[in-house]
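Starting off with a structure, shown below.
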Amino acid sequence: MSSTIQRIGVFTSGGDAPGMNAAIRAVVRTGIFHKKEVFGITRGYEGMIEGDFVKLGARSVGNILQRGGTILKTARSDEFKTAEGRKQAYDQLRKEGIDALIAIGGDGTFTGLHKLYLEYQLPSLCIPGTIDNDIAGTDYTIGFDTATNTAVEAIDKIRDTALSHNRLFFIEVMGRNSGYIALYSGIAGGAGAIIIPESETSFDKVYELLTAGEITNKRSNLVVIAEGSKIGGANEIARKVAERTDYFDIKVTILGHLQRGGTPTYFDRVLASKLGVAAVEGLMNGKTDAMVGVRDNKIVYNLFDSVMNRPHEIDMDMLRIAKILSI
Ligand code: F6P
C-alpha cells in the first residue's frame, strides 16, 4: 500500500442516513490503524469552506456505531457549487495539511467532490450514504435498510388500525426520485398497491386495482407511494379516489423524516464498516475520483463519472411480484 497520504479528511454531506456514524468510525479507525491522521470536517462542504476541522482519535468515535444521524453534522452548500467556494475549501484543506478526502453522502456530494478533484487533484473517494438507495454502482447505500425497516414497522402498525376500521390508507414514504423504499416496504408490508416513480402507471390503473377489491369486498387496504410518484403524492391520489367513489373510508399517512433517523440495523452497520475500511485502503492503493460500493457482496470502486447522475435501476419484476401477492 502506498503511504504518501498522511492526513485524511472525512465528512458527511446531503441528507443524513442511519449508519453514517458507523462509516465515520470505520474510516477513522482504519486510518489510525494504518498510521494516518484523520480529521473530521463538520457540516459537509460548509465546514470545509470555513476550515471547521477536528482531529479524531480511535476513542473519539467510540459509542457512535449504534447511533443514527451523523456526529459530524451535515449540510447542503450552495457556496461549494461555485469555483470560488471550492478554492476557499481547498485552501483550508491545504492549511491543515489534509491530503485526501472521504465523503459520505449521495449524488450531490459526489458531484461536488468530483469537481474539487478535477480542479485540485486531491485524492478523493465517496461512500454512498442515503436512505433512497438511488446510487448506481452499488447494490445498497448506507441507511436504506434501516429506513425501509422503519417504514415496514409503520406500515404494520397502520395495518392494525386500517383493519379494525375497514379503512383504505395511502402511505407516503421517502424517495424523491427513487421507489426503492416504497417497493421494498410495500412488499414487506403486504401493500395492495405500490406506486413508484420508475413505473409507468396511471391514476386510472391504480383506481382500477383498488376498486377490483370492491368485488372481493376488500374495503381495508394499504397503498404505499414513493414521494416522487409521477401521478401525485398520497394526499393527491387519496383526494382523487374519494372524488370518484364513497366506497372507501380513506386516510393518509406521510411518514416523512422519521425514516431518516433511528438506530441503524445490523445490515447498515456492517455495510458502513466494510465501506469505511475499503475507502481508506482504496485511497492508500491509489484509488481516487471514485465511489466505493458493494456489488454481489464484493467491494467495488466505480469512477464518479460512471455513477453520477445515473439511475440505480430497480428490478421491475418486484412490482410484478407485489401485484401477484396483493390479490
Ligand atoms: O435522504 C433522501 C431524502 O430523504 C429524499 O427522499 C427526500 O426527498 C429528501 O431527502 C428530503 O431531504 P431534506 O428534507 O433534507 O431536504
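One-based numbering, in listed order, for ligands and for the atoms of each. Just the heavy atoms: all of them, side chains too, but no hydrogens, waters or symmetry mates, feed the values below.
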### Message
Less than 4.0 angstrom from a charged side-chain N to a carboxylate O is my criterion; do Lys157 and Asp160 meet it?
### Response
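No.
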#### Entry: Ion pair check, Asp204 and Arg244, cut-off under 4.0 Å
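So Asp204 pairs with Arg244 through a salt bridge.
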### Query
Looking at Val173, Leu183, Ile158, which one forms a side-chain contact (heavy atoms from CB on, under 4.5 Å) with Val224?
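Only match with Val224 under side-chain contact (heavy atoms from CB on, under 4.5 Å): Val173.
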### Query
Given Ile299 and Val292, is the side-chain contact (heavy atoms from CB on, under 4.5 Å) satisfied, shown in steps?
CA-CA 7 Å; Ile299 292 292; Val292 54; 3.9 Å; yes
#### Entry: Cationic N near anionic O, under 4.0 Å, Lys95 to Asp91
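Salt bridge: no.
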### Task
List, by chain and number, the other hydrophobic cluster members for Leu101, where Ile, Leu, Val, Met, Phe, Trp and Tyr join if side-chain heavy atoms come within less than 4.5 Å, directly or indirectly.
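Traced through the cluster, Leu101 reaches Phe11, Phe39, Ile41, Tyr45, Met48, Ile49, Phe53, Phe80, Tyr90, Leu93, Ile98, Phe110, Leu113, Leu116, Tyr120, Leu122, Ile135, Met291, Phe304, Val307, Met308.
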### Message
Counting only heavy atoms and a distance below 4.0 Å, can you name the residues contacting ligand 1?
### Response
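The answer is Arg76, Ile131, Asp132, Met174, Gly175, Arg176, Glu227, His257, Arg260, counting any residue whose heavy atom sits under 4.0 Å from ligand 1.
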